[in-house]
Each structure stands twice: as C-alpha cells, then as structure tokens.
Amino acid sequence: MSKRLKVGVVGAGAMGAAHVRTLATSVPGAEVTRVFDMDTARAQAVAAEVGGEAAASPEALVADVDAFVIASPDFTHADLAIAGIEAGKHVLCEKPLAVTADDARRVVDAEVAAGRRFVQVGFNRRFDPGFVSLKGSVADGSLGQVKLVHGIHRNATNATSTDSSTLVTGSMIHEFDTFRWLLDDEIAAIRVESPIAEGFKDPQVATIWMAAGQMMTAEVYCNAAYGYDVRVEVVGDGGSAMLEPRPPVVRRVAGQSSTAIGSDFVEHFIESYRLELSAWVDASLRGEVVGASAWDGFAANLVAASGVAALDSGAREPVVVPERPALYA
C-alpha cells in the first residue's frame, strides 16, 4: 500500500471539523490521527468520528503528525505556521495567514530562512471548478483585455468577522486573493466604503486598482440574512464571463420559478475543499507545496491592511508590495 500522510487538525470548529471529515472520507492519501481544540471534549468527539485521538496541545500535535491543518482562530495562525516550518512539517493554514501583515511576513521570513516552502494558505477558491473555469476564460484571451472585475460575497450570518476591521481582514481577504490570482497581478491601491456610518460597518464595498490598471469592485456583506452567495464577473473589451451559483433544481410552482439558496459556506464550497485537501495531501507526500503560498497570504494581508486604513480615512490607500523573495519566484 502506498504511504498515507498522518494528518493533524488544529481547531475543531465548523471549518476544522469539516476538514477532518473530508480528509477521512474523501482523501485516500490521508489518515487523520490527531485533533486539537481548546474545547477538549469537542476535539475528542471530532477525532473519534474518524478513529483519531485528541492531542494534549498544538505542540504535541505538531510533533505527532506528518503534516497538519490550521483551522483555529485567526490570531493563532502565524505562530502555528511557523511552528510547522521549524518542525519541517507541511501546513495547510486556513485564511488569513495572519491577522496582520507583519505577522504574515514572519511566516514568509521563516520559510526563506528554512530554504524551502512548507505552507499552503487555504484560499480554496483557487481549487473550485467554477473559479478555475473563470480563470481559464481570462487566460485564453477570449474576453479580450480585462478591464473590470466585480465580486459579491455575502453570508447569511458570520461568527468570525464581527467588526469593521475583521470584515476586511477575515472575509474580504478572499476577494483580494481571488483578484490577484485571476489576473496574475498585484493590487496597487484600494478604497473601502460602507453605507453604515457608526458601529459595525457591514456591508462594505471596496474599489480596487490593479498594478496593470484594471479596476475591481468587491462587495462583502457578512450578515445579509437571506443566504450564502458568491458571484464574480470578469469584463473585457471582447466579452464578459460570470460565475454564478447554479442550483441543480429549479422549482416552478403557482406561477413562480425559484431556486434554493444555501446558508452554509462549507456546503457551498464542499467540492473545492475536497480538491484543495487532496492537492495538499498529494503535494505534501511529494515534499512540494501547491495552491496559495505564504507569499500570497502575505500579499493579501498587505491589501487588507491598506483596506482597513482606507475604511478609516475614506481615501484611496496605496498597497506597497515589496520585492518577492526568490523562494516564491
């Protein structure tokens, strides 16, 4: 039998538990052996589902596995990723790589010091079949020269982006990576606005300028109530391509046509998570890294920092991206 990767998962909340189940049921190359959560009973319950054990600490988990997934609260990500690098273990870190750009840079610097890459950042849209097809429409030139990209990202509710800043750093950061990846370019400037004057500024709309001059818009609404809804349109001078959810069933009843809108982001992107985890496991077994790199995570954090500043200033804020280390060339 070919080698299986002994995997640990740090964090047994909705995202971590979903990853444990997907790894156990849909990724043949993986064996989930350890789960850690601050809620020990929860870690034990999630681990028991797949024949694993609860780890006594994140440090114990890192020592006991071949590779691990970080699905714990955002403020823990950078230190855990660095622990993985220092231990020589491959890491899949859920977005964001860190809360701040400075902490994300520490992860990059740790990889550069190690002389190799270990960290994949969980920007799962890069593996979603619809997003991959959309990127193909950009790459094949069929849309002509891209001029605009519009993104919509709405949640029914959101338990992690709970203030104006974390909406940018924890939710809108998906759009930052998506735009960079779709166009293979860096973001040069950003302005973020909201119709809400006081308190939690939700929704927010960002206007983004790429280094090559294209303009993007990103609407993020964390508590839109009606469901989970992600859409993107790319507009070129030769045509446009739009990514929209396509439910398999359309109901036509009493003179009305309707489709269901889900409320669960895990269910919405379940296939992308399966593909992401499968690619990560296969790459880890080969000693390689695929998907979004630590550098990509750092670049997204830089945009987020400028986005938070723009929300406060009301002005267009520059995004200054330093020279990319040769490790990420």
Side-chain angles (χ1 to χ4, degrees), residues 10-16 18 37-39 70-81 93-107 121-125 151-180 187 189-208 216-231 263-266 268-269 296-319:
V10 181
M15 188 79 269
D37 194 273
M38 291 299 293
D39 183 340
I70 301 171
S72 46
D74 294 354
F75 70 87
T76 68
H77 289 188
D79 286 342
L80 286 168
C93 179
E94 269 302 329
K95 62 81 193 166
L97 178 58
V99 175
T100 69
D102 285 345
D103 276 346
R105 183 68 205 222
R106 290 198 296 116
V107 180
V121 181
F123 286 121
N124 62 294
R125 296 181 187 180
I152 290 173
H153 176 181
R154 300 174 186 152
N155 294 71
T157 60
N158 191 308
T160 56
S161 294
T162 55
D163 60 47
S164 301
S165 294
T166 56
L167 187 150
V168 178
T169 61
S171 291
M172 195 180 286
I173 201 164
H174 264 304
E175 278 59 48
F176 303 153
D177 182 71
T178 297
F179 295 160
R180 292 181 64 254
I187 293 172
I190 183 171
R191 184 174 63 235
V192 182
E193 301 167 289
S194 175
I196 309 301
E198 301 292 338
F200 182 16
K201 295 180 178 179
D202 177 34
Q204 295 177 14
V205 176
T207 305
I208 293 167
M216 323 274 122
T217 61
E219 177 218 304
V220 178
Y221 196 177
C222 284
N223 295 280
Y226 71 86
Y228 186 76
D229 192 1
V230 171
R231 287 173 268 157
S263 60
D264 184 350
F265 71 93
V266 175
H268 183 97
F269 278 118
D296 293 317
F298 168 60
N301 272 113
L302 286 173
V303 182
S306 294
V308 172
L311 188 63
D312 292 337
S313 70
R316 169 173 164 165
E317 297 284 348
V319 179

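Rounded to the nearest 0.5 Å, atoms CG (Asn124) and NE2 (His268) are 9.5 Å apart. Distance check: Lys201 NZ to Ser165 OG gives 9.5 Å after rounding to the nearest 0.5 Å. Interatomic distance, Arg125 CZ to His174 NE2, rounded to the nearest 0.5 Å: 5.5 Å. The structure places OG1 of Thr178 at 11.5 Å from CE of Met216, a figure rounded to the nearest 0.5 Å. Taking CD from Gln204 and CD from Glu219, the interatomic distance works out to 11.0 Å, rounded to the nearest 0.5 Å.
Looking at His153 and Met172, their side chains never come closer than 4.5 Å, going by heavy atoms from C-beta outward. Ser194 is not listed as a side-chain neighbour of Val192, based on a closest heavy-atom distance of 4.5 Å or more. You'll find the side chain of Phe176 stays beyond 4.5 Å of the side chain of Arg180, heavy atoms only. Side chains of Asp296 and Val121 form no contact here, defined as non-hydrogen atoms less than 4.5 Å apart. Using a 4.5 Å heavy-atom threshold, the side chains of Pro203 and Arg154 count as separate.
The residue from Thr160, Val99, Asp103, Thr169 that alone fulfils the side chain to side chain contact (heavy atoms under 4.5 Å, CB included) condition with Asp74 is Val99.
When all heavy atoms are compared, the tightest approach of Ile173 to Pro96 is CD1-CB, 3.8 Å. Across Leu97 and Ala81, no two heavy atoms sit closer than the pair CD1-CB, 4.5 Å.
With salt bridges taken as basic N to acidic carboxylate O contacts below 4.0 Å, none links Arg105 and Asp102.
Side-chain atoms of Asn223 never come within 3.5 Å of backbone atoms of Asp202 as a donor-acceptor pair (strictly under, hydrogens ignored). Checked by atom type and distance alone, the side chain of Asp37 pairs as donor or acceptor with a backbone atom of Ala12 at under 3.5 Å. Side chain of Asn301 to main chain of Ala98: a donor-acceptor pair is present (N/O by atom type, distance under 3.5 Å, no hydrogens or angles).
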